[in-house]
Amino acid sequence: MQTETPSLSAPWPVKPNELPKEIFHREDIFQLELERIFRGPVWHMVGHVAELPKPGDFKTTIVGDVRLLMMHGKDGRVRVFHNSCPHRGTQLETAARGCRGEIECPYHRWVFNMEGALVSASGRDRFPATFRNEDYGLRQLKTEQRHGLIFSTFSDLAPPLDEFLGPAGDVLRQALGGDERVTLLGYQKVVYHGNWKECSDNEGYHAPLLHRAFRLLKWQGGKGTQAVSPYGHKTISAELAEAPKGKFLNDPSLIELRDPSRVPRSFVAQLFPLNLFVRHLDVINMRVAFPLSPHATEVHYAYFSRQEDDSEMCAHRRRQAANLLGPSGFISLEDGAVFDRLHEGSYTPGTVAFQKGVTDDGGIESVQLQNDEASNLFKWQVYQSMMGFTHD
Amino acid sequence: MIEFQTLALVDTLQAAYIRSLNSKDMKGWLACFAPGNGQYECRTSESDEQDLHLPLMLDDCYARLQDRVLFITEVWSGTYTDYATRHFVQRISAQRGADGLYQVTTNFMVAYTTARRQTEILVAGRYEDDIAVDKTAATFVRKRAILDTITTPRYLVYPI
Ligand code: FES
Ligand SMILES: [Fe+2]
């Protein structure tokens with residue numbers, strides 16, 4: 001049975017560039033988002049195989065509000081399970097990452113193999129005669145891999161993954177450095193006090209304005225393209241001007257581009273609903289996020305190096321990863337500040353309206369420049385339709 | 001056994017460090033590091049447990065320390081929602097290393113108070129410091145803040 005769409009205090013605005021502020025904090029709307037969007041017909045990027053490179057490796061994560069356990073099977077496949085015992089529902093893994101030969105639930109000691117099959121259950125002679133092990137394997141999500149990135153969906157109605165990703169698939173490949181051969185450098189984890197939609201609505205307009213470092217480092221060349229997709233994704237491929245040497249930073253080596261394989265180019269793939277993959281300078285960064293409530297969003301930044309990197313290159317990537325794009329990053333810290341403030345500001349009546357790259361009647365200009373904001377409105381149309389909000 | 005005088009200098013340095021951060025005196029923070037070669041790192045214990053070693057902040061040379069001060073006081077100013085910290089520390093071990101530096105481990109708990117004057121715990125963890133001590137003063141040659149807190153409850157503007 002479908003939950004009814006909650007009514008807004010006014011119908012959804014007719015002009016595509018306007019959004020009601022109440023959608024950023026209402027509990028009932030949040031619950032419906034979990035159902036219709038997060039557990040709906042979309043794919044979620046839940047990780048990269050480099051986070052669990054060998055059989056037995058696992059990682060726990062959350063999509064929407066669902067607790068998941070990803071496990072690298074003996075057969076080389078990474079599966080994504082509910083992190084919950086099929087017997088009485090005990091959480092199976094508590095660690096963020098690790099390696100195990102099998103999964104044993106502590107409560108009644110049911111044992112599952114790395115592929116999620118139930119291997120043994122104690123006291124089985126007193127189970128109903130109809131009990132079959134194959135009915136009690138770990139509950140699994142439909143999962144596929146592209147360039148080592150692991151995508152899962154809760155819904156049988158999700159389009160094929162390649163159709164869902166569209167051109168973003170190739171941006172992901174380029175952002176990874178050409179293929180899946182990356183190594184995990186580590187994580188940074190933070191809670192932003194903003195709604196998940198506030199934490200995923202960044203655009204090109206703010207970049208040189210909010211982030212003073214963009215201006216100081218002359219990174220606002222504006223040469224770049226944005227692309228949007230019918231499933232609500234946005235990709236950016238932008239050229240960086242060479243940073244002025246020694247003018248601004250005491251240690252300009254921090255912002256050097258050392259990867260010899262490419263021109264100074266940044267890649268951003270913002271995937272609906274809540275994934276981000278960024279390559280900026282020599283930082284290769286995947287963001288997996290989940291809403292804790294309508295008011296808080298936890299973001300896990302995972303960083304990678306390339307397998308062909310020598311130790312010097314690896315150290316350079318680690319240094320940039322630590323200091324540039326994370327929750328305390330030199331060119332990103334201000335984003336977190338804005339997420340929190342957007343959320344506070346959402347507690348005022350009425351609507352907000354995008355302007356840059358918007359047509360006279362509130363539509364979206366067909367050409368979106370790197371520093372326009374209207375390309376986000378495609379995603380908002382996807383949101384509106386998935387949520388069932390109407391204009392009357 | 002480390003002389004009482006040496007420990008007093010170590011504690012005075014730690015107090016100066018905390019006083020600087022609590023009063024957002026970033027020049028004072030910088031002054032706690034050995035001029036020219038001080039280093040700072042803030043990382044989570046998860047990073048160590050998983051053998052990953054990716055810090056949250058990494059100032060692996062003095063110029064980077066200077067840049068951190070520059071960002072907090074100038075580049076980011078006016079953009080972040082400010083907060084005030086109180087650090088509570090307890091020295092739990094100290095020994096003299098072969099390099100002549102004192103290796104000091106200190107537990108910390110940092111409370112933060114938001115713009116709306118609500119107070120919560122920001123992080124808990126330990127400092128692992130390599131400290132140079134001469135007759136009259138001590139400075140950090142390497143300071144590492146290792147957080148037990150894996151997911152910080154807000155973005156960190158100031159070093160820990
Ligand atoms: S809940 Fe897991 S074995 Fe009973
Ligand atoms: Fe930004």
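Bear in mind that the values here come from a model prediction, so they are computed numbers and not experimental data. Letters A, B, ... mirror the listed sequences (proteins, then strands); counts begin at 1.
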Practice item. Measure up the B:Tyr40 and B:Tyr17 rings against each other and bin them: parallel (under 30°), tilted (30 to 60°), perpendicular (over 60°). Key: tilted

Point to revise | Under 4.5 Å from any heavy atom of chain A - which part of B:Tyr80 | key: both

Review point. Of the backbone (N, CA, C, O) and the side chain (C-beta and beyond), which part of B:Thr149 lies under 4.5 Å from a heavy atom of chain A, both, or neither?
Key: neither

**Study point:** Top contributor to chain B interface from A:Asp251, A:Val190, A:Asp340, A:Asn250 [non-hydrogen pairs under 4.5 Å]
**Key:** A:Asn250

Practice item. May I ask you to name which of A:Val338, A:Leu333, A:Leu184, A:Leu210 has the most heavy-atom pairs under 4.5 Å with chain B? Key: A:Leu333

Check your understanding: Relative to chain B, which of A:Tyr187, A:Tyr301, A:Tyr303 shows the most heavy atom pairs under 4.5 Å?
Key -> A:Tyr187

Exercise for review: Would you check if there is a donor-acceptor pair between the side chains of A:His25 and A:Asn195 at a distance under 3.5 Å?
Suggested key: no

Check your understanding: Nearest heavy-atom pair of A:Ala289 and A:Val299: which atoms, and what distance?
Key -> CB-CG2, 4.0 Å

Review point. Can you find a side-chain donor-acceptor pair between A:His295 and A:His343 that sits under 3.5 Å?
Key: yes

Review point. Do B:Tyr62 and B:Phe33 have their ring centres less than 6.0 Å from each other?
Key: no

**Study point:** Structural part of B:Thr152 lying under 4.5 Å from a heavy atom of chain A
**Key:** both

Exercise for review: Identify which of B:Leu65, B:Leu58, B:Asp59, B:Ile150 forms the greatest number of heavy-atom pairs closer than 4.5 Å to chain A.
Suggested key: B:Leu58

Point to revise | Contact class of B:Arg68 relative to chain A, heavy atoms under 4.5 angstrom | key: both

Practice item. Classify the ring geometry between A:Phe339 and A:Tyr192 as parallel (under 30°), tilted (30 to 60°) or perpendicular (over 60°). Key: perpendicular

Practice item. Measure B:Glu74 against the heavy atoms of chain A and call it side chain, backbone, both or neither at under 4.5 Å. Key: backbone

Exercise for review: Specify which of B:Asp51, B:Leu56, B:Thr44, B:Asp67 makes the most heavy-atom pairs with chain A at under 4.5 Å.
Suggested key: B:Asp67

Revision key, fill the gap. Okay, A:Glu344 and chain B: the region with an atom under 4.5 Å from a heavy atom over there is side chain

**Study point:** Note, A:Tyr205 side chain near A:Asn371 side chain (heavy atom, < 4.5 Å)
**Key:** no

Review point. Do A:His316 and A:Asp309 have side-chain atoms, one donor and one acceptor, less than 3.5 Å apart?
Key: no

Check your understanding: Judged by modelled atom types alone, do B:Tyr158 and B:Asn22 share a side-chain donor-acceptor pair under 3.5 Å?
Key -> no

Exercise for review: Please state whether the side chain, the backbone, both or neither of A:Arg318 comes within less than 4.5 Å of a heavy atom of chain B.
Suggested key: both

Review point. Which residue out of A:Ala96, A:Gly186, A:Ala296, A:Ser253 racks up the most heavy-atom pairs below 4.5 Å with chain B?
Key: A:Gly186

